[in-house]
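Order of listing sets the numbers, starting from 1, for every ligand and every atom in it. Because the structure is predicted, anything quoted here is derived from the model rather than measured.
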Amino acid sequence: MSSMEETLPLNATHVNNSFIFTNRLHILLHSIALCFLLYYRFSFLFHNSQTPLLLPYLLLFSSEIILSFLWILDQSFRWHPITRTVFPERLPENDQLPHIDVFICTADPTKEPTLDVVNTVLSAMALDYPPQKLHVYLSDDGGSNITLNAMKEGLKFAKWWIPFCVRYRVLCRCPEAYFNDSENDSADFCGDVDFFAYKRMIKEKYEALKEGLMRVKEDHDHSGDTNGVTGQNHPSIVEVIEENGSGEIEQVKLPLLVYVSREKKPSHPHHFKAGALNALYRVSGVISNSPYILVLDCDMFCSEPASARQALCFHLDPKISPSLAFVQFPQKFHNISKNDIYDSQHRATYKVLWQGMDGLKGPLLSGTGFYIKRESLYGNYKNKDTDFELQEYVGTSNEFIKSLKQKDSTNLVTVGSELPVQETLLLASCNYETGTKWGKEVGFLYGTVCEDVHTGIRLNCNGWNSVYCDPPKPQFLGNSTTNLNDLLIQGTRWSSGLLENGFTKFCPLINCPLRMYLPHRLSLSYITCFPLYCLPLWCFAIVPQLCLLSGIPLYPKVSEPSFFIFAYIYVSALTKLLVEVLSTGGTFRSWIIEQRMWMMRSISVHLYGLLDCLMKEFGLREASFLPTNKVKDEEQTMLYEMDKYDFRTSNMFLVPMVTLVTINIFCFIGGIYRVLSLGELDKMFIQLFLVAYIIVVNYPIIEGIVIRKDKGRISHSVVAISNVLATIITCAVYALVRKV
Ligand SMILES: O=c1ccn([C@@H]2O[C@H](COP(=O)(O)OP(=O)(O)O[C@H]3O[C@H](CO)[C@@H](O)[C@H](O)[C@H]3O)[C@@H](O)[C@H]2O)c(=O)[nH]1
Ligand SMILES: [Mn+2]
């Protein structure tokens, strides 16, 4: 490498100053308005503390305080957002690049189709990286023969697939995605006859692989023979997948592929995905011990082969590298429809929040699609002087302790060489962690189902930085939840896990070191607190409505000057959101959808997440991680593609939503009547407007109750229960107020 190249930076950071200026101006003006609001509420209370309106008034005021608090936390992401570019062409030669391990997790062959897992594995093996420096590990928490067999079949196919990808510079190296879209062919070979013949042959092989996998699954389902092995109870298996030379094809160099199924026993907590990742950490430590690790969920494949080199543009940058723990890529999804009615792409997270955090100290771990430095998860092992101390810290395996001290992969196990079998089985056994610091200080942290966020926060607090890399082309593509039921289950898990972090385990507002930059601390707090939106949103969905019906004003009259405080806050918040949505690729429609999903999530999953978290805290419930269903349902997909909400979800989620919408409708009708007959428009305008706004935004729920006839509509029983509930609540409150 010439000295000229050596001095060229591997990455660049961009700060959009005018954007930051407008953000801060908005923060300033909005904050002033919030101060006026507080002043207005307090002075009202001071003058009217004896009125019967006190309870609704206090409820509303507390909700406004919580909303304002969350708003302040949320502004930290707008404080100093940055974007980054990378120059992978400036990286050193291949022989100087570090080794990389890839960890892929799967848990359940019925919910997570084996073919998808194989595709993820193949896409990772086909990364644009020297194969002898790439080692792919699959963790199978289901301990299933189907998955192990699929890995063997997958490897056979890889012998064809990877040379094909390299030779024809295939753009997307996940076979399923590749064969679905001809845009994935490199333009250089479009006129090449050989290429098309070769492609056809590979496609046939892929079809054969698919059929083979399906057959094995069917045989397995029919025989029902599990040899006593279940997802919750199985011994450890560690196997380097090797192909017994079929002689059909020239020997090609492939990345090492290792199948790991850690031991699980019902009597031992297995700590879900964090437990699986930690087992991989240890096992890979004595096999390849690569300094960098890519973590992937089985539902997220590598869509572009360039991500490893892009991540190294940060990890190998001498200025950033010493304190850099991980490079996070955004989660992007291949199954999202044009209008994205469930906001499944999580636009705000990957377009606003993570960029905002990147300008502070770096984004949090997002569970998948990140390249992490192995050393960053070993805690402060360096402070342990003796082997004995180290054993108490990371467990008794001497081989593993040796691997800690080795900086690089010197004792590498390669294809064909012998695996330290006993050691790996020990490392993957469920007793191994007993009495050690795994999950507490070492590895991915336990005690929450949002291990990613929890671990990310701890890394930050221990002084590690992270980087967010969002190149124009998606590097990883996953499967997002595109139906209400999965979304609500997943959302409840997240809310519960995040709140657990925020309240009980590690509250960033309190526990992070004092020297931490304030906006960064606020941003971490926002991530762990935002399910608290459920409290104000429940209040806003019910209190002003019932008061409207009963003629209790909660807001200033239109003719009063303080009306403008409320009008300003409302308009400013929604306009800011609109600008953000439009400037990050969204539309006017997605602006409405995001508000709707925010309301739906807040009143259902965030509330249940909060309850779940509290119950876990009081020992009334055990933590559980229900993996998201990844099996496609034709009917569901059809409704989704037609932009129709699929309301086939549990009553627990639906009844509150439908009840609230019904109360809003009752109160709106009653309110209009009142306003017209008593001439109270001036007094009740804000409340009437609020109710109308909620009804308009949630129109699809009304459509699901009244208009739709398809299977995804809201069932009659839910409508009946909700009507009864809404009537009881409305009448009871009305009667009560009358009496007072
Ligand atoms: O006991 C378990 C449970 C899950 N998994 C794996 O964890 C991954 C994530 O699970 P998934 O069902 O896809 O959950 P999601 O809600 O889609 O996952 C999001 O949320 C999780 C935290 O709740 C993060 O770990 C994920 O990275 C993030 O994509 C999958 O590969 C699973 O196979 C395990 O290995 N063992
Ligand atoms: Mn997932």
Side-chain angles (χ1 to χ4, degrees), residues 102-114 116-117 119-121 124 137-144 147 230-234 260-262 264 268-281 294-301 326 328-335 342 344-346 349-350 364-370 372 428 430 439 444-456 476-483 485-501 527-528 531 605 609 612-613 622-631:
V102 183
F103 292 179
I104 300 170
C105 292
T106 183
D108 182 345
T110 48
K111 278 189 162 178
E112 307 182 320
T114 314
D116 294 357
V117 180
N119 265 289
T120 304
V121 169
Y137 294 82
L138 178 81
S139 152
D140 177 17
D141 258 357
S144 159
T147 313
T230 66
Q232 300 312 318
N233 192 4
H234 50 80
V260 179
S261 175
R262 61 180 168 139
K264 272 165 95 179
H268 280 70
H270 59 81
H271 304 294
F272 316 108
K273 182 179 162 194
L277 286 175
N278 285 345
L280 284 187
Y281 243 84
L294 163 65
V295 176
L296 288 176
D297 287 348
C298 63
D299 56 359
M300 181 146 284
F301 61 81
F326 61 90
Q328 176 71 56
F329 286 84
Q331 289 200 23
K332 294 189 179 172
F333 306 98
H334 58 83
N335 60 335
Y342 298 108
S344 313
Q345 58 170 327
H346 305 289
T349 310
Y350 296 112
L364 288 175
L365 282 176
S366 322
T368 169
F370 59 87
I372 190 163
C430 49
F444 284 84
L445 302 181
Y446 298 157
T448 147
V449 280
C450 286
E451 74 302 322
D452 41 4
V453 168
H454 192 186
T455 309
F476 301 98
L477 280 178
N479 212 13
S480 195
T481 39
T482 54
N483 67 77
N485 192 43
D486 288 344
L487 195 109
L488 295 176
I489 294 175
Q490 185 190 49
T492 306
R493 159 156 48 84
W494 285 349
S495 304
S496 160
L498 292 175
L499 284 172
E500 226 168 18
N501 286 325
I527 305 261
T528 55
V605 296
D612 188 58
C613 165
E622 274 195 11
S624 73
F625 187 132
L626 274 184
T628 314
N629 182 36
K630 287 138 189 135
V631 185

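When only non-hydrogen protein atoms are considered, atom 20 (O) of ligand 1 lies nearest to W494 NE1, 2.9 Å. Remark: minimum distance from atom 3 (C) of ligand 1 to any protein heavy atom is reached at F625 CD2, 3.7 Å. In this structure, atom 12 (O) of ligand 1 lies nearest to the protein heavy atom T628 N, 2.6 Å.
With a 4.0 Å heavy-atom cut-off, ligand 1 is reached by no atom of T481. Under 4.0 angstrom from ligand 1, the non-hydrogen atoms of F272 come from both its backbone and its side chain. Counting heavy atoms closer than 4.0 Å to ligand 1, residue D108 contributes nothing at all. Heavy atoms of S366 found under 4.0 angstrom from ligand 1 belong exclusively to the backbone.
Contact check for L364 versus D452: no side-chain heavy atoms found under the 4.5 Å cut-off. Counting only heavy atoms from C-beta outward, the side chains of T349 and Q331 never approach each other to under 4.5 Å. V449 is listed as a side-chain neighbour of F272, based on a closest heavy-atom distance under 4.5 Å. With contacts defined as side-chain heavy-atom distances shorter than 4.5 Å, the pair H270/R262 qualifies. Between V631 and P113, some side-chain heavy-atom pair lies under the 4.5 Å cut-off. No side-chain heavy atom of F326 sits less than 4.5 Å from a side-chain heavy atom of V295. Using a 4.5 Å heavy-atom cutoff, the side chains of F476 and T368 are not in contact. Within the 4.5 Å cutoff, the side chain of N278 has heavy atoms near those of the Y446 side chain.
At a 3.5 angstrom cut-off on N or O pairs, E112 counts as close to ligand 1. Inclusion of A276 in the set of residues having an N or O under 3.5 Å from an N or O of ligand 1 is not warranted. At least one N/O-N/O distance between C298 and ligand 1 falls below 3.5 Å. Any N or O atom pair closer than 3.5 Å counts here, and R493 shares at least one such pair with ligand 1.
Using a 4.0 angstrom heavy-atom cutoff, M300 does not count as in contact with ligand 1. At a 4.0 Å cut-off, not a single heavy atom of S480 sits close enough to ligand 1 to count as contact. Under a 4.0 angstrom heavy-atom cut-off, E451 registers as being in contact with ligand 1. Ligand 1 has K630 within reach: a non-hydrogen atom of the residue lies less than 4.0 Å from it.
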ask   = Please walk me through it: do T106 and E112 pass side-chain hydrogen bond (donor to acceptor under 3.5 Å, both in side chains)?
value = CA-CA 7 Å; T106 183; E112 307 182 320; 2.8 Å; yes
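Considering every non-hydrogen atom in both D297 and K273, the closest pair reads OD1-NZ, 2.8 Å.
Each protein N, O or S atom less than 2.8 Å from the Mn ion (ligand 2) was counted, giving 1.
The atoms of ligand 1 that sit less than 4.0 Å from any heavy atom of Q490 are 15 (P), 16 (O), 17 (O). Atoms of ligand 1 found under 4.0 Å from any heavy atom of P627 (numbered from 1 in listed order, with element): 12 (O).
Of the inter-residue distances, the one linking Q490 atom CD with N629 atom CG reads 11.0 Å to the nearest 0.5 angstrom.
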